[in-house]
**Q** 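Take this structure first; my questions come after.
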Amino acid sequence: MDEARRTKLERTTRYDPAEVEGRVFEGWLEGGYFHPPATGTPGENFSVAIPPPNVTGALHMGHALNGAIQDTLVRMRRMQGRNTLWLLGTDHAGIATQAVVEKELRADGTSRHELGREGFVERVWEWKQQYGSQIVEQYKRLGASCDYERERFTLDEGYVRAVYRVFVALYEKGYVYRDNYMVNWDPGSGSAISDLEVENREVTDTLYEIDYPIEGSERAMTVATVRPETMLADTAVAVHPDDERYRDLIGQHAILPLVGRRLAVIADDYIDPKFGTGALKITPGHDANDFEIGRRHGLDEVTVIGEDGRMTEAAGERFAGLTVAEAQEAVVEALRDEGLIRSEEEFTHSVPFSHRSGERIEPLISLQWFCRMDELAKPAIEVVERDEVRIVPEQWKRVYLDWMRNIRPWCVSRQLWWGHRLPVWYCDECGEVVVAESTPDRCPNCHGGHEELRQDEDVLDTWFSSALWPFATLGWPDDTPELRAFYPTSFLTTAREIIFLWVARMVMMGLEFADDIPFRDVYVHSVIQAPDGRRMSKSLGTGIDPLDEIEERGADALRFGLLVMSSTQDVPYSMERIQQGLDLANKMWNASRLILLNAADVEPAARPVLPEDRWILSCLQRAIESVGGNLDAYDFSHAALELYRFFWSELCDWYLEIVKPRLYEGEPEAAANLLHVLERVLMLAHPIMPFVTEEIWSYTPRADAGPLVVSEFPGSDPGLIDDAAEAEIGAAIELTRDLRRWRDLVGVAAGTVLTARVADDAAPHELVGRLARISFDGAADGGDEALATVGAVEILATDEIDAEQVRRRIEERREALRSEVERAERKLANDGFVAQAPAEVVDAERRKLAAYRAELEQLGAGG
RNA sequence: GGGCGGUUAGCUCAGAUGGGAGAGCGCCUGCCUUACAAGCAGGAGGUCGCUGGUUCGAAUCCGGCACCGCCCACCA
């Protein structure tokens, strides 16, 4: 350490993350430590594919926790000598990105339609170039040790090739197909979306009961609906086959009011006779259930609501062109005029909304591309059943399996412009459909003349490309060194909300196309909620920006806090935990200053000279075992807390206080030992708190040999575990605390050194005198009478001690002991306990009783 | 309607295989003790949601109940 560095260390009494982090991170990047060679096998190597953040994204707490978990693990494995790749990339996020840019266009007074497809896509690319890297920069702020030289994007040329290869292959296998089918139409994004992008919300609507007259009869059937406007597309009325009320009507016809269409009265088990009137209007064009019923019965499918959210021509001229809401009003009005509305009442039910745009889903029949999932799911179920892909915590394994076993076709086409355009071409001449990886020059079916092929306008669901992430980012479909070295990846972590959207699909696609599972372990982490327990979200105003927290308390603090907070259950965000992280960083910094500024110039080495040295080395081994073990088991919370406990309590509160005098005296063994412990604990802490540990490391003697980021992660040395030292120092600590407690209760000034003597042969450890400020000098055995006895220490009366307070304190203690004795006696008098409890438990109880009695004896009968 | 998780100190949470309830923050008392006042020493504070049961012994195991949260599901 040169003079300037030493001065800086001396003067910096507070750790300042803002001053350190940027500089340290630059150093890591320059060293190239995050860019592994594509060598070795997946079994030897450690690799993680980052859950790709959206290019639209700003780092939020979910990313921060997700990143902290991955980075902690990645850094530990790297330090353990594994060739480690943390692959970074971003997702084009079709709907989200398109929405952001469209909003921008609106602000400019234009629209994507004015720009045209080509212009719009170009505009999005510009946007992406400008803002897409922000999220990557923010991961750096967190300290994420990703391979920034291998950054990928789901619309990279190579990635697009992978997507097309997969789509075509699935088409050729017959899994991908085009069909007119009921889809979730999202009016917000103007696109179909998949079932997984729909969320149900409780909504209170008006439930209308409407009379449908029976043809050639005075009777009417009363049906109930919350969406009267859809009646315009009704093509049947259904009842339960066993419903006595309607049995005679089955096969007859009702007349659809306002429209006049004849509706067959059909029977279907789906109808619940107990609900409402037991008669259900069937609208195959605008209701998912009715669609199914309609297909079962071969009903007509009438569409009265268009993709633009307005009524179509088929709704009749009275309603065509109206919005759905307007149409609803108009239909109700018209029905009311005809006296056909029987009742109106409030009705609360759950209704599908678009998770993307927040708008109410309009179920529509639409010509879309779908992917059958059942065959793909089979092997993906097996690998999880067999724990080849291990999901932790295990409860999510069942959730995954339940979903997979009931998997349904996936609507993969989206009516957007930003994304992977379907590799599908149509020949308008002959109707031929060409699905190919590259643009075909001509229709293979039309001989001679017609060559113009029209590419499908739609793009693929963003999750279709995400599903290929672990192998497409490594170069698939080419046989690349990266793929050979790092696939399957080792670990994946995510919030549970994308188990289906992403995790499950990666498993299916990985097995189908990369011939292996995409990752071994999946860790499902908790969700960080707002401090008040609500969802953390920008729109609710409950979001907390990780970058603000990094500015204020540093990335190490944020990482530590998030890891401590996270567990298997969702937790409210706690700023106090982040502060605890900063406090720990500061503590590390200052403890290190003490050691580094005072240690003699020696080689760091374990030097168990005195019992306390053996004690701290033993404690260190246990901490190493515990922190490392917890990280291996993905128990990040306990890992972080164990680190905190060891560093703060054992190392700082006790060992540093004990060893200080030797350090100041320049004892080489003490210095060597302290430097050793410091080094090891920095290594241990580095995965969790990389910045502060790396900064401190740069001041240590071993810094010349290389940075901490690529030093070793410590393993415990069983030879240094020392039960005897732990018992001995443990007893000294206990006695010290008892004496301090006694002093405090009795009200002796903090600085006062009390005079005492040892009460019996069990001499307390020599450390106790100094730590508890007790002098054993000048107190001859058997001299003055003891004022009080604490453990083996007899405290003698001096002017500083208020004898009256002492007397009271002793009486209190006696009282407590009496009740303890009584409790223990009662327990031991219980024959059942003595007979049936394990012998060591009973023994322990007997020993406690004996100890209490002895102490009581020592204090005298009192009174 | 099914499933999962939760209920422990004022707050946020820990508490394998059942044997006298813990941490951080907050609070109280005393300390600027030559690493750190973002610190040090000490302390107060829980009938472990309610209720049955199993057991010598239950925060812990089993059965009910009550709230809270999440996921899945086609009831108009």
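Note on naming: letters A, B, ... go to the chains in the order of the sequence lines (proteins, then strands), and numbering restarts at 1 for each one.
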**Q** Categorize A:Glu497 for me: base, sugar-phosphate, or nothing, with a 4.0 angstrom heavy-atom threshold over every strand shown.
**A**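 Since no nucleic acid heavy atom lies under 4.0 Å of A:Glu497, the category is nothing.
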**Q** Using the rule side-chain contact (heavy atoms from CB on, under 4.5 Å), only one of A:Asp556, A:Asp583, A:Leu643, A:Val681 pairs with A:Met588; which is it?
**A**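 Of the listed options, the one satisfying the test is A:Leu643.
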**Q** Roughly how many Å apart are B:A37 and B:A44, using the P atom of each and rounding to a whole number?
**A**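 B:A44 and B:A37 have their P atoms separated by 28 Å.
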**Q** Name the nucleic acid region contacted by A:Trp648, choosing base, sugar-phosphate or nothing; use a 4.0 angstrom heavy-atom cut-off, strictly under.
**A**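 Sugar-phosphate: the residue A:Trp648, judged by heavy atoms under 4.0 Å, touches backbone atoms but no base.
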**Q** Going 5' to 3' along nucleotides 71-76 of chain B, which nucleotides have protein heavy atoms under 4.0 Å from the base (write B), which only from the sugar-phosphate (write S), and which from neither (write -)?
**A** -SSBBB
**Q** So what does A:Pro838 hit on the nucleic acid, given a heavy-atom distance under 4.0 Å: a base, only sugar-phosphate, or nothing?
**A**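 A:Pro838: base contact, heavy atoms under 4.0 Å.
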**Q** Could you give the distance separating B:U60 and B:U8 at their C1' atoms, to the nearest angstrom?
**A**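 Comparing C1' positions in B:U8 and B:U60 gives a spacing of 12 Å.
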**Q** Which nucleotide, if any, forms a Watson-Crick or G-U wobble pair with B:A41, using both distances under 3.5 Å?
**A**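 WC or wobble partner is B:U29.
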**Q** Provide the distance between the two P atoms, one in B:G1 and one in B:A14, to the nearest whole Å.
**A**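 Here B:G1 and B:A14 have their P atoms 30 Å from each other.
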**Q** With C1' as the reference atom in both, quote the distance from B:G18 to B:C56 in angstrom, rounded to an integer.
**A**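 Looking at atom C1' only, B:G18 and B:C56 are 12 Å apart.
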**Q** CD1/A:Ile733 to CG/A:Leu771 distance, rounded to the nearest 0.5 angstrom?
**A**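 Rounded to the nearest 0.5 Å, the CD1-CG separation comes out at 8.5 Å.
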**Q** Please work out if A:Gln395 contacts a base, only the sugar-phosphate, or nothing of the nucleic acid, heavy-atom cut-off 4.0 Å.
**A**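 Contact class for A:Gln395: sugar-phosphate only.
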**Q** Side chain of A:Thr230, backbone of A:Arg227: donor and acceptor closer than 3.5 Å?
**A**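 Yes.
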**Q** Quick one: pull up CD1 in A:Ile578 and OG in A:Ser574 and give me the separation to the nearest 0.5 Å.
**A**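 Spacing of CD1 (A:Ile578) from OG (A:Ser574) equals 7.0 Å.
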**Q** With a 4.0 Å cut-off on heavy atoms, is A:Glu657 in touch with a base, just the backbone sugar-phosphate, or nothing at all?
**A**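 Base: the residue A:Glu657, judged by heavy atoms under 4.0 Å, touches a nucleobase.
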**Q** In this structure, how many angstroms lie between the C1' atom of B:G18 and the CZ atom of A:Phe833, rounded?
**A**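 After rounding, the reported distance stands at 13 Å.
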**Q** According to a strict under-4.0 Å criterion, is A:Lys587 in side-chain N/O contact with OP1 or OP2 of B:C40?
**A**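 For A:Lys587, the contact criterion (side-chain N or O under 4.0 Å from OP1 or OP2 of B:C40) is met.
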**Q** Ignoring backbone atoms, establish whether A:Arg741 has a side-chain N or O less than 4.0 Å from OP1 or OP2 of B:G43.
**A**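 Checking B:G43 against A:Arg741, a side-chain N or O does come within under 4.0 Å of OP1 or OP2.
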**Q** Counting the atoms with a prime plus P, OP1 and OP2 as sugar-phosphate, which does A:Val571 contact under 4.0 Å by heavy atoms, base, sugar-phosphate, or nothing?
**A**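 Counting heavy atoms under 4.0 Å across all strands, the contact made by A:Val571 is with sugar-phosphate only.
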**Q** So does A:Glu19 pair up with A:Lys8, basic N to acidic O under 4.0 Å?
**A**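 Yes, charged N to carboxylate O under 4.0 Å.
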**Q** According to the Watson-Crick and G-U wobble definitions, with both distances under 3.5 Å, which nucleotide is paired to B:C61?
**A**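 The answer is B:G53, by the H-bond criterion.
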**Q** Give one of base, sugar-phosphate or nothing for A:Tyr655, where a contact means two heavy atoms less than 4.0 Å apart.
**A**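 No contact at all - A:Tyr655 keeps every heavy atom at 4.0 Å or more from the nucleic acid.
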**Q** Between A:Gln569 and B:C70, is there a contact of a side-chain N or O with OP1 or OP2 at under 4.0 Å?
**A**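 False: A:Gln569 side-chain N/O out of range (4.0 Å or more) of B:C70 OP1/OP2.
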**Q** With rounding to the closest Å, how many angstrom separate the P atoms on B:G19 and B:G10?
**A**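 My reading of the P atoms in B:G19 and B:G10 gives 24 Å.
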**Q** List every contact pair, protein side and nucleotides 24-30 of chain B side both N or O, where the distance is under 3.5 Å.
**A**
unit_1: B:G24; atom_1: O2'; unit_2: A:Gln580; atom_2: OE1; d: 3.1

**Q** Nearest whole Å is fine: how far is B:G2 P from A:Leu401 CG?
**A**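 Interatomic distance, CG of A:Leu401 to P of B:G2: 22 Å.
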**Q** Determine the sole option in A:Glu552, A:Glu549, A:Arg553 for which the side chain to side chain donor-acceptor pair (under 3.5 Å) test with A:Gln579 is passed.
**A**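 Of all the options given, the one that passes is A:Arg553.
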**Q** Does A:Arg360 come within less than 4.0 Å of A:Glu199, counting only side-chain N to carboxylate O?
**A**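 So A:Arg360 does not pair with A:Glu199 through a salt bridge.
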